[in-house]
Enquirer: 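Following this message is one structure expressed as structure tokens.
Whatever order the structure lists them in is the order used to number ligands and atoms, beginning at 1. Remember, it's a predicted structure, so these values are computed and weren't measured experimentally.
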Amino acid sequence: MYFIGVDLGTSAVKLLLMDEEGKIVNIVSREYPLYFPHPGWSEQKPEDWWEQSKEGIRELVKDVDKSQVAGISFGGQMHGLVILDENDNVIRPAILWNDGRTAKQTDYLNTVIGKEKLSEYTANIAFAGFTAPKILWVKENEPDNFEKICKIMLPKDYLAYRLSGAFVSDYSDASGMLLMDVKNKCWSKEMAEICGISLEMLPELHESFDAVGTLKPEVAAELGLPETCKVVAGAGDNAAAAVGTGTVGDGMCNVSLGTSGTVFISSNKFGVDSHNALHAFAHADGHYHLMGCMLSAASCNKWWMDEIIRTKEYTKEQENITKLGENNVFFLPYLMGERSPHNNPDARGTFIGLTMDTTREDMTQAVLEGVAFAIRDSFEVAKSLGIQIERTKICGGGAKSPLWRRMIANVLNIKVDRIESEEGPALGGAMLAAVACGVFSSVEEAAEKIVRVTETIEPEPELVEKYERQYRKFAKIYPTVKDLFTELLQ
Ligand SMILES: Nc1ncnc2c1ncn2[C@@H]1O[C@H](COP(=O)(O)OP(=O)(O)O)[C@@H](O)[C@H]1O
Ligand SMILES: O=C(CO)[C@@H](O)[C@H](O)COP(=O)(O)O
């Protein structure tokens with residue numbers, strides 16, 4: 001038997017084929033455009049996700065016996081608002097997780113409804129990228145579109161809907177909508193009322209490892225897959241990545257360096273961050289997790305390389321970096337505003353400390369370090385909650401860089417475990433499909449049998465000390481320039 005894992009990412013859809021022994025048989029990737037129609041806005045077309053996923057699946061399975069593909073599941077970029085009308089047409093482009101247009105609606109939710117009430121209804125407060133503020137934005141700014149809404153779904157749920165006709169979501173991804181009561185794993189009537197929507201507009205909720213249907217006959221024919229192929233609910237990309245890196249059970253950690261950067265801490269018990277800086281979400285293993293999310297991680301390096309110094313030679317560029325822990329240049333990686341821990345859509349990217357002898361390498365280094373320091377910010381919040389993290393897994397495109405992995409290990413002062421593939425969410429998706437098809441009795445068992453650590457990066461005491469001093473300096477920059485960010489936008 002084979003299982004397909006689909007990682008519906010922001011930069012591309014990554015598809016992974018796994019056999020029932022857990023061996024990765026093939027990986028395929030298909031890019032699609034990301035639109036920034038206004039500064040701070042971020043959109044994609046669901047039709048692009050669908051077309052590229054279909055093309056990717058055909059390529060993925062072309063050399064295997066397709067009749068043996070037993071299940072397909074997903075890890076999807078979270079929070080994106082996909083709205084369909086009564087004829088199942090997409091009403092407008094999806095508004096993504098890193099879109100900052102909802103500052104007014106987020107402020108309304110946090111101050112007028114109030115953080116305490118939001119926390120009581122959902123276990124979280126409002127962040128600009130979450131789905132509920134986006135619904136309010138459409139209501140206020142595009143009333144004609146709002147009137148047409150029949151179905152509200154998340155990005156990966158759109159794929160499941162097109163593949164199977166099942167209008168469903170899973171608890172981990174739905175946690176990020178600010179419409180779900182995370183503790184009790186059900187929709188919040190209060191939040192639906194606040195957003196002016198009915199519960200019928202929301203998908204049926206499932207565990208990530210639940211089979212929710214099979215391929216529609218016409219889709220099966222188009223893909224060359226059997227109609228019996230199970231479509232499995234799947235998870236938000238971070239929960240799926242956690243499955244794919246074996247971050248399941250109690251007190252495990254995964255750092256993802258994708259377009260976003262995340263710190264994911266699994267827990268067998270429901271818990272909330274009293275500072276509201278970390279999200280309290282459901283996990284794909286049936287339990288819970290806390291998560292910090294920075295909006296621009298590997299995308300900062302991509303921006304710096306592609307748009308500014310204009311090179312595709314990421315590895316070569318990083319090989320010239322030598323001054324680890326001694327850089328006088330610092331970079332705030334807030335190119336799309338920032339979520340954890342600042343919750344500030346107005347925050348912006350910033351270089352500070354430039355002099356006449358600053359080199360291109362210093363600035364490249366500052367970009368990579370700025371991301372590592374921002375990841376550390378979420379670790380500091382976890383530490384303040386009494387959570388001690390001694391080692392972490394790492395995944396995402398940025399984790400392909402040996403230098404970045406080393407920086408993370410030293411800035412965080414913990415061991416960093418690399419697994420066989422950086423494609424955490426896609427592998428996690430395939431594992432969820434295998435659980436739903438009965439190959440494994442639980443997500444934990446799948447992780448135990450499949451995930452292998454291939455390398456551990458140890459912190460280096462001398463560098464840890466240097467980076468501790470550097471982090472203290474970094475931590476002073478945001479509070480100093482914070483007010484200026486809002487002023488600059490006026
Ligand atoms: N060697 C590398 N060094 C730094 N960044 C990298 C490297 N390889 C890939 N990336 C970055 O990883 C990101 C894609 O990672 P991925 O986890 O697939 O993201 P997403 O799920 O958001 O689409 C891109 O921003 C890409 O530039
Ligand atoms: O908003 C979040 C998590 O809360 C992001 O992590 C998105 O889920 C997008 O992930 P990537 O495209 O970076 O994997």
Enquirer: Below 4.0 Å from any atom of ligand 1, which residues have a heavy atom? Give them in chain and number order, please.
Expert: G9, T10, S11, A12, K14, G258, T259, A298, S299, N301, K302, Y314, Q318, G396, G397, G398, S401, W404
Enquirer: For F130 and H279, what are the C-alpha separation, side-chain angles and deciding distance, and is it a ring-ring contact (aromatic ring centres under 6.0 Å, His included)?
Expert: CA-CA 11 Å; F130 282 14; H279 313 326; 5.0 Å; yes
Enquirer: Under 3.5 Å, side-chain donor or acceptor atoms of residues 4-16 against the rest of the protein: list the pairs with distances, not counting sequence neighbours.
Expert:
residue, atom, partner, partner atom, Å
T10, OG1, W97, NE1, 2.9
K14, NZ, A12, O, 3.4

Enquirer: So L412 and I389, do their side chains get closer than 4.5 Å, heavy atoms only?
Expert: no
Enquirer: Pairs under 3.5 angstrom, nitrogen or oxygen on both sides, ligand 2 versus protein: list them out, please.
Expert:
residue, atom, partner, partner atom, Å
ligand 2, 1 (O), H79, NE2, 3.2
ligand 2, 1 (O), R339, NH2, 2.7
ligand 2, 4 (O), H79, NE2, 2.6
ligand 2, 4 (O), R339, NH1, 2.8
ligand 2, 6 (O), N238, ND2, 3.0
ligand 2, 6 (O), S260, OG, 2.8
ligand 2, 8 (O), M78, N, 2.9
ligand 2, 8 (O), D237, OD1, 2.8
ligand 2, 8 (O), D237, OD2, 3.3
ligand 2, 10 (O), D237, OD2, 2.8
ligand 2, 10 (O), S260, OG, 3.4
ligand 2, 12 (O), T10, N, 3.4
ligand 2, 12 (O), T10, OG1, 2.5
ligand 2, 13 (O), T259, N, 3.3
ligand 2, 13 (O), S260, N, 2.7
ligand 2, 13 (O), S260, OG, 2.7
ligand 2, 14 (O), D237, OD2, 2.8

Enquirer: Could you tell me whether K185 sits above the aromatic face of F270, with NZ or CZ closer than 6.0 angstrom to the six-membered ring centre and within 45 degrees of the axis?
Expert: no
Enquirer: For residues T322 and E361, determine if any side-chain heavy atom of one lies less than 4.5 Å from a side-chain heavy atom of the other.
Expert: no
Enquirer: Any cation-pi pair here, R376 with Y471, using under 6.0 Å and within 45°?
Expert: yes
Enquirer: Can you sort out the partners of D285 under side-chain hydrogen bond (donor to acceptor under 3.5 Å, both in side chains), two or more places apart, ordered by chain and number?
Expert: none
Enquirer: Check the pair E326 / K323 against salt bridge (Lys or Arg N to Asp or Glu O under 4.0 Å), numbers first and verdict last.
Expert: CA-CA 5 Å; E326 292 169 0; K323 291 189 212 155; over 6 Å; no
Enquirer: Do Y467 and E369 have side-chain atoms, one donor and one acceptor, less than 3.5 Å apart?
Expert: yes
